[in-house]
Each structure stands twice: as C-alpha cells, then as structure tokens.
Amino acid sequence: MQPAQADSVPLVLQLSEVGLGDVDRVGGKNASLGQMIQSLDSLGIRVPGGFAVTAAAYRHFVASAGLQDTIDRGLAEAKVSIEALGPAAKRIRAAMLAAALPDALAEAVIDAY
C-alpha cells in the first residue's frame with residue numbers, strides 16, 4: 001500500500017520504517033520506537049508495531065484548516081505574558097478540535113490502523 005502524501009511527503013509512516021534519524025519527520029518518541037523495533041527484532045525481542053503521523057501531516061492539517069493565524073496569535077500572546085499562555089493554548093486547542101481532518105490524512109490514518 002502506498003502511503004498517503006501531502007506535497008509528495010508521507011502523512012503516515014510505519015514505525016518499522018523510521019529510526020533516530022527521523023526525529024524531524026515523526027518526533028522523538030516515534031523515532032525511538034522505530035529504532036527499538038529495528039534494533040531489537042534481530043535479537044528476538046518483539047516491540048509492538050504501529051504507525052506515526054508525520055510532521056508533514058500536522059502541517060497539512062494546520063494549512064488545510066486555516067489554523068496558522070490562530071496559532072501565531074496565541075504564541076505571540078504567550079510571549080508577552082506567561083499568564084496569557086493558558087488561555088492562548090485553550091483557544092488553539094479548541095480551534096484544532098473543531099477543525100476537520102483533511103480527507104487524505106483521515107484516510108491515511110484509517111489505512112494505517
């Protein structure tokens with residue numbers, strides 16, 4: 001199965017396909033899990049598989065939902081005052097939860113699952 005892509009970058013990767021060199025693509029925890037799978041499998045130690053939603057998928061979601069301005073405003077407010085961080089984070093979180101996933105991303109996650 002070919003992974004769904006945004007601008008020719010995969011939205012989802014199997015953990016077995018990633019390792020420590022992929023932190024920028026899938027984050028540290030996913031990269032570490034992928035590295036464990038690759039390193040321990042040959043020793044007979046089984047690590048449960050799974051998939052990672054990529055940083056490209058996050059950027060695709062933010063762009064398609066038009067969330068970048070909301071995020072930027074919230075981050076700017078938080079830089080002015082630490083007290084503004086909580087309310088700004090709540091607004092960003094609410095906007096993200098209210099936004100629909102792009103079809104390609106939803107399909108990629110369902111397929112990977």
Side-chain angles (χ1 to χ4, degrees):
M1 170 178 52
Q2 192 68 280
Q5 300 185 346
D7 298 328
S8 75
V9 179
L11 299 175
V12 173
L13 292 170
Q14 294 299 312
L15 290 176
S16 60
E17 299 176 303
V18 300
L20 293 180
D22 296 300
V23 171
D24 59 334
R25 293 191 323 152
V26 296
K29 290 179 184 168
N30 286 323
S32 293
L33 283 170
Q35 190 68 43
M36 285 175 46
I37 290 169
Q38 293 176 19
S39 299
L40 299 177
D41 189 56
S42 64
L43 301 174
I45 301 171
R46 302 212 15 109
V47 177
F51 63 93
V53 177
T54 65
Y58 167 78
R59 289 187 296 273
H60 179 58
F61 166 67
V62 167
S64 72
L67 295 171
Q68 195 61 56
D69 286 341
T70 300
I71 294 168
D72 291 343
R73 278 193 309 275
L75 292 175
E77 291 169 16
K79 287 181 183 178
V80 171
S81 159
I82 191 69
E83 292 80 22
L85 178 60
K90 282 184 179 181
R91 282 193 306 280
I92 293 168
R93 185 180 306 115
M96 287 184 153
L97 291 173
L101 287 178
D103 290 342
L105 176 54
E107 291 170 14
V109 169
I110 290 168
D111 289 347
Y113 185 74

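- Of the inter-residue distances, the one linking Leu40 atom CG with Gln35 atom CD reads 9.0 Å to the nearest 0.5 angstrom.
- Put simply, the side chain of Thr70 does not reach to within 4.5 Å of the side chain of Met96, judged on heavy atoms.
- One hydrophobic cluster holds both Leu101 and Tyr113 under the rule that ILVMFWY side chains link at heavy-atom gaps under 4.5 Å.
- No single ILVMFWY cluster, assembled from side-chain heavy atoms under 4.5 Å apart, contains both Leu97 and Val109.
- Looking at Ser39, its side chain never comes within 3.5 Å of a backbone N or O of Met36 through a donor-acceptor pair.
- At distances below 3.5 Å, not a single donor-acceptor pair connects side-chain atoms of Gln68 with backbone N or O atoms of Ala63.
- A 4.5 Å side-chain heavy-atom check between Val53 and Tyr58 finds every atom pair outside the cut-off.
- Other residues, nucleotides and ligands place more than 12 heavy atoms under 6.0 Å from the CG atom of Asp24.
- In the hydrophobic clustering of ILVMFWY residues, with side-chain heavy atoms under 4.5 Å counting as a link, Leu20 and Val26 come out apart.
- Taken from CG in Leu13 to CZ in Arg25, the straight-line distance is 5.0 Å, to the nearest 0.5 Å.
- A distance of 12.0 Å separates CD in Glu17 from CG in Asn30, rounded to the nearest 0.5 Å.
- Looking only at distances, a side-chain donor or acceptor of Asp22 sits under 3.5 Å from a matching main-chain atom of Gly19.
- Note: the hydrophobic cluster containing Leu75 also contains Phe61 (ILVMFWY, side chain heavy atoms under 4.5 Å, direct or indirect links).
- To the nearest 0.5 Å, atom CG of residue Leu15 and atom CZ of residue Phe51 are 9.0 Å apart.
- Put simply, CZ on Arg91 and CD on Glu77 are 4.5 Å apart, with the number rounded to the nearest 0.5 Å.
- Heavy-atom minimum distance, Gly49 versus Ile37: CA-CD1, 4.1 Å.
- Between the CD1 atom of Ile110 and the CG atom of Leu105 there is a distance of 9.5 Å, given to the nearest 0.5 Å.
- In the model, Glu83 has a side-chain atom that pairs as donor or acceptor with a side-chain atom of Ser81 under 3.5 Å.
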